[in-house]
Undergrad: 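The structure that follows is given in the form of structure tokens.
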Amino acid sequence: MDVPLIVKYDSTIGDVCENIHRTFRPNFRYAMVWRDSAKFPGQTVGIDHVVRDGDVVTIIVRR
């Protein structure tokens, strides 16, 4: 929460995965989103979900 990840406008969860580490996208299971792009806090979303400014995202990957 101290250092934000800055991504381009209309980026998806898949784009966020690629920015964190190259193995995150192929091993992606689901993500949880809080704030503006989520319909409710902690919403489970897929790889094509578009993130918005201020979103807090938790990414779950396979081992």
Undergrad: With side chains defined as the heavy atoms from C-beta onward, is the minimum distance between I13 and D48 less than 4.5 Å?
TA: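 The answer is no, as the side chains (C-beta and beyond) never meet within the 4.5 Å cut-off.
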Undergrad: For V51 and T12, what are the C-alpha separation, side-chain angles and deciding distance, and is it a side chain to side chain contact (heavy atoms under 4.5 Å, CB included)?
TA: CA-CA 6 Å; V51 294; T12 63; over 6 Å; no
Undergrad: Before giving the answer on side chain to side chain contact (heavy atoms under 4.5 Å, CB included), spell out for V16 and I59 the whole-Å C-alpha distance, their side-chain angles and the decisive distance to 0.1 Å.
TA: CA-CA 9 Å; V16 173; I59 298 173; 3.9 Å; yes
Undergrad: Answer yes or no: is there a side-chain heavy-atom contact under 4.5 Å between V7 and N19?
TA: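 Yes. Closest side-chain heavy atoms under 4.5 Å.
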Undergrad: Which value, rounded to the nearest 0.5 Å, describes the distance between E18 atom CD and S11 atom OG?
TA: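 With rounding to 0.5 Å, CD (E18) is 10.0 Å from OG (S11).
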Undergrad: Passes side chain to side chain contact (heavy atoms under 4.5 Å, CB included), V45 versus Y30? Steps please.
TA: CA-CA 6 Å; V45 297; Y30 63 92; over 6 Å; no
Undergrad: When you group the ILVMFWY residues by side-chain heavy-atom contacts below 4.5 Å and let the links chain together, are I60 and F24 in the same group?
TA: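 Per the 4.5 Å side-chain linkage, F24 and I60 are not co-clustered.
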Undergrad: For I6, what residues pass the side-chain contact (heavy atoms from CB on, under 4.5 Å) criterion, not counting sequence neighbours?
TA: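 Testing I6 for side-chain contact (heavy atoms from CB on, under 4.5 Å), a comparison that skips the adjacent residues, returns none.
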Undergrad: For residues 31-43, dump all side-chain donor-acceptor pairs below 3.5 Å to protein atoms at least two apart in sequence or in another chain.
TA:
unit_1, atom_1, unit_2, atom_2, d
R35, NH1, G54, O, 3.4
S37, OG, H49, NE2, 2.9
S37, OG, D55, OD2, 2.5
Q43, OE1, K39, N, 2.7

Undergrad: Which residues pass the side-chain contact (heavy atoms from CB on, under 4.5 Å) test with R62, sequence neighbours left out?
TA: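 Applying side-chain contact (heavy atoms from CB on, under 4.5 Å) to R62 gives N27, R29.
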Undergrad: Are side-chain heavy atoms of D15 and R25 found at a separation under 4.5 Å?
TA: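 Yes, at least one pair of side-chain atoms sits under 4.5 Å.
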